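Counting convention: from 1, in listed order, for ligands and their atoms alike. Keep in mind that what you see is a predicted model, and the values were worked out from it rather than measured. Worth knowing before you read on, the calculation uses all heavy atoms, side chains too, and leaves out hydrogens, waters and symmetry mates. Position 1 is the first residue of the sequence; numbering continues from there.
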Amino acid sequence: MSTLKAVRGTRDLLPPETALWNRIETTARQVFARYNFGEIRTPIFEDTSLFARSVGEETDIVSKEMYTWEDRARAQSEKPQSLTLRPENTAGVVRAYIEHKLGETGQLQKLFYIGPQFRRERPQKGRYRQFWQIGAEAIGPPSAGSESPLRDAEILEMLATFLDELGIAGWTLELNSVGSAADRARYNDTLRAALVPLAPQMCVDCQRRAVTNPLRVLDCKVPEDQPIIETLPKIGDSLGQESIDHFAAVTAALQAAGVPYHLNPRLVRGLDYYTRTTFEFTHGGLGAQNALLGGGRYDGLSESIGGPKAPGIGFAMGLDRLVLTLQAKEADQSSAPPQGAKADAYIAPLGESLNAPALTLARELRRAGFRIELGDGSFRLKKSFEAADKTARHIVILGEDELQSGILTVKDFASGLQTKVPRAELPSMLAKPMAQ
Ligand code: ATP
Ligand code: MG
């Protein structure tokens with residue numbers, strides 16, 4: 001019988017690596033809290049039409065990357081429903097914003113999420129079929145200031161602070177404006193006309209996009225198409241005055257706050273709902289999959305899925321890619337000792353009759369906040385010492401004598417010293433910093 005493995009493009013995350021994942025998530029929670037964002041958790045699957053209508057039918061995500069199935073109806077009379085594992089989380093957040101009438105509060109809603117997303121992509125380093133995103137959205141009625149360029153600048157400044165606090169040095173903020181819906185329509189017409197003589201020399205996807213959604217041609221990754229794409233008109237030349245002013249206010253605020261950025265007129269992002277400000281943070285250490293995160297404004301998204309006018313801006317970071325970046329950095333600084341990997345003590349009961357008292361002692365110490373490994377009375381002392389040396393800073397021996405007298409034998413592996421310690425003094429002894 002063949003052995004079962006995690007499905008291609010998915011993977012298990014094991015300790016100690018999960019400690020790094022937790023550190024990133026904790027830093028995100030701490031930083032976002034300082035900007036007064038609250039957490040939202042939406043379902044992992046949604047009605048397929050949510051993604052078709054928000055992300056866009058012509059995008060790579062919707063046209064070829066979604067995990068979709070017909071969910072059998074419970075009653076014969078009901079039609080099966082087309083459901084999809086979420087490929088991204090903004091659509092779900094905006095759906096929830098509409099469903100719970102959050103706009104009626106009149107306040108800007110500042111929401112963040114952490115969770116897995118699913119796309120049927122060709123798996124490679126930094127690109128998986130189940131991957132994790134940390135993202136945030138600031139969305140609300142225009143009266144709540146949701147259209148202000150200050151929101152864009154604040155989100156970008158928050159991201160710069162988050163990456164700096166995480167210790168990710170050397171990121172680049174790539175910034176562009178894709179204009180309002182009207183600007184984009186104008187640009188699409190310009191592109192469509194420009195592509196008439198060029199499309200026949202391009203890949204089949206671009207030949208289709210040139211007719212259906214010319215903007216998507218700029219997403220093309222086929223190397224032979226890149227010189228042609230370079231000659232196409234730039235979106236910046238199609239922007240209306242409002243979009244130009246909005247973008248100028250964003251960049252002015254970033255300059256004032258000291259957040260460095262790089263203008264990239266080709267950055268259009270792979271989702272149809274973006275308007276005006278769009279951005280990516282990239283990192284050179286990631287190779288081909290160099291985008292740490294992406295985001296932008298989506299002023300018309302709520303209306304496109306049947307909601308009220310609710311302009312917003314948000315981003316999604318690839319948690320897997322943040323982990324890869326930090327692992328590469330830690331490998332560079334390999335002199336740093338692994339932190340927090342060992343338990344404070346290993347309790348070794350000398351005989352099976354001491355298992356229950358050992359569990360009691362472990363319970364006391366764990367409730368006092370210590371990290372404890374519990375051995376087993378069937379182990380010989382030598383085996384206990386070997387296991388303890390690998391997993392803990394101390395071994396605490398619990399034999400019949402120790403139980404009666406209340407005096408425990410403790411060995412500190414760092415110093416090699418073995419001492420007798422009254423049970424009541426064990427917590428203060430374990431709390432002492434590790435011998436150097
Ligand atoms: P890319 O150009 O790398 O495919 P994207 O434009 O599809 O990215 P978004 O949909 O904007 O990415 O998602 C935001 C972030 O989520 C990306 O910048 C990346 O860090 C991460 N991400 C996207 N797809 C994957 C994936 N398949 N595996 C791991 N991380 C991913
Ligand atoms: Mg992609």
Side-chain angles (χ1 to χ4, degrees), residues 6-11 13 21 24-25 28 51 54-56 58-67 84-94 112-137 155-156 159 162-163 166 168 171-176 178 205 209 215-223 226 229 264 266-275 277-298 301 312-328:
V7 173
R8 207 166 107 80
T10 74
R11 61 218 173 104
L13 306 171
W21 287 70
I24 298 171
E25 291 173 18
F51 303 113
S54 56
V55 177
E58 251 317 295
T59 58
D60 281 357
I61 294 178
V62 172
S63 66
K64 52 188 181 200
E65 294 176 358
M66 295 204 305
Y67 288 98
T84 293
L85 288 180
R86 63 184 186 198
E88 60 96 60
N89 220 151
T90 301
V93 172
V94 177
F112 79 88
Y113 59 82
I114 300 178
Q117 316 294 336
F118 306 85
R119 298 183 193 174
R120 187 186 284 108
E121 302 205 65
R122 193 167 65 80
Q124 49 200 298
K125 191 178 174 207
R127 190 176 294 287
Y128 312 98
R129 291 179 160 185
Q130 173 172 342
F131 60 99
W132 271 259
Q133 285 185 335
I134 303 180
E137 318 291 350
I155 285 253
L156 291 165
L159 283 166
F162 169 75
L163 293 176
L166 211 51
I168 294 187
W171 49 261
T172 305
L173 161 54
E174 305 270 350
L175 193 60
N176 192 23
V178 295
D205 281 339
R209 293 169 181 145
L215 190 75
R216 294 269 73 87
V217 168
L218 302 187
D219 281 343
C220 176
K221 305 268 158 44
V222 174
Q226 300 311 309
I229 291 171
N264 179 351
R266 296 278 167 208
L267 184 76
V268 295
R269 314 278 307 112
L271 299 87
D272 274 352
Y273 53 61
Y274 286 116
T275 49
T277 313
T278 50
F279 56 85
E280 262 177 25
F281 280 69
T282 56
H283 195 275
L286 281 167
Q289 272 56 249
N290 70 348
L292 285 174
L293 66 95
R297 264 198 174 272
Y298 43 81
L301 176 55
I313 179 160
F315 63 83
M317 305 192 261
L319 187 43
D320 307 73
R321 296 189 192 173
L322 294 172
V323 168
L324 283 171
T325 309
L326 286 172
Q327 280 172 335

So is there a nitrogen or oxygen of E280 less than 3.5 Å from a nitrogen or oxygen in ligand 1?
-> no

Should E121 be listed as contacting ligand 1, given a heavy-atom distance under 4.0 Å as the test?
-> yes

Does D320 reach the main-chain N or O of R127 with its side chain, forming a donor-acceptor pair under 3.5 Å?
-> no

Check each atom of ligand 1 against the heavy atoms of G294 and keep those under 4.0 Å away; list them by number with element.
-> 18 (O)

Protein heavy atom at shortest distance from atom 8 (O) of ligand 1 = R321 NH1, 4.5 Å

Among all protein heavy atoms, pick the one closest to atom 1 (P) of ligand 1 and tell me residue, atom and distance.
-> R127 NH2, 3.6 Å

Test item: R321 side-chain N/O and G126 main-chain N/O as donor-acceptor pair under 3.5 Å = yes

Any protein heavy atom < 4.0 Å from atom 30 (N) of ligand 1 = yes

The answer for which part of D60 has a heavy atom under 4.0 Å from ligand 1 is neither

Heavy-atom gap Q289 to ligand 1 smaller than 4.0 Å = no

Mind checking whether D205 and K64 have side chains closer than 4.5 Å, heavy atoms only?
-> yes

Return the option from P123, G135, G318, G126 holding the heavy atom at the smallest distance from atom 21 (C) of ligand 1.
-> G318

Among protein heavy atoms, which lies nearest atom 28 (N) of ligand 1, and at what distance?
-> Y128 N, 3.0 Å

For A291, the ligand 1 atoms whose distance to one of its heavy atoms is below 4.0 Å | 18 (O), 19 (C), 20 (O)

Taking atom CD of E65 and atom CZ of F51, what is their separation to the nearest 0.5 Å?
-> 13.0 Å

Using distance alone, determine whether D320 and ligand 1 share an N or O pair under 3.5 Å.
-> no

Quick one: OG1 on T90 to OH on Y273, what's the gap to the nearest 0.5 Å?
-> 3.5 Å

Starting from atom 16 (O) of ligand 1, find the nearest protein heavy-atom neighbour and note its residue, name and distance.
-> Q133 NE2, 3.0 Å

Sidechain N-carboxylate O distance under 4.0 Å for K221, D60 = no

side-chain contact (heavy atoms from CB on, under 4.5 Å) partner of Q117, the single match among Q130, Q133, R129 = Q133

Are C220 and I229 close enough that some pair of their side-chain heavy atoms sits under 4.5 Å apart?
-> yes

Hey, does the Lys NZ or Arg CZ of R120 hover above the aromatic six-ring of Y67, less than 6.0 Å from the centre and inside 45° of the axis?
-> yes

Look at atom 10 (O) of ligand 1 and say which protein heavy atom is nearest, naming residue and atom and giving the distance to 0.1 Å.
-> R119 NH2, 2.7 Å

Only heavy atoms count here, so choose which of M317, H283, K221 is nearest to atom 2 (O) of ligand 1.
-> K221

Do V268 and R216 pass the side chain to side chain contact (heavy atoms under 4.5 Å, CB included) test, and can you show the C-alpha distance, the side-chain angles, and the key distance before you say yes or no?
-> CA-CA 8 Å; V268 295; R216 294 269 73 87; 4.1 Å; yes

The protein heavy atom nearest to atom 6 (O) of ligand 1 is R269 NH1, 3.4 Å

Write out the residue and atom name of the closest protein heavy atom to atom 22 (N) of ligand 1, then the distance separating them to 0.1 Å.
-> F131 CE1, 3.6 Å

Aromatic plane relationship, F281 with W171 - under 30° parallel, 30 to 60° tilted, over 60° perpendicular = tilted

side-chain contact (heavy atoms from CB on, under 4.5 Å) partner of T278, chosen from L175, I313, L267, N264 = L267

Top protein contact for atom 15 (C) of ligand 1, by heavy-atom distance | A316 O, 3.5 Å

Taking N or O atoms only and a 3.5 Å limit, does I61 qualify as a polar contact for ligand 1?
-> no

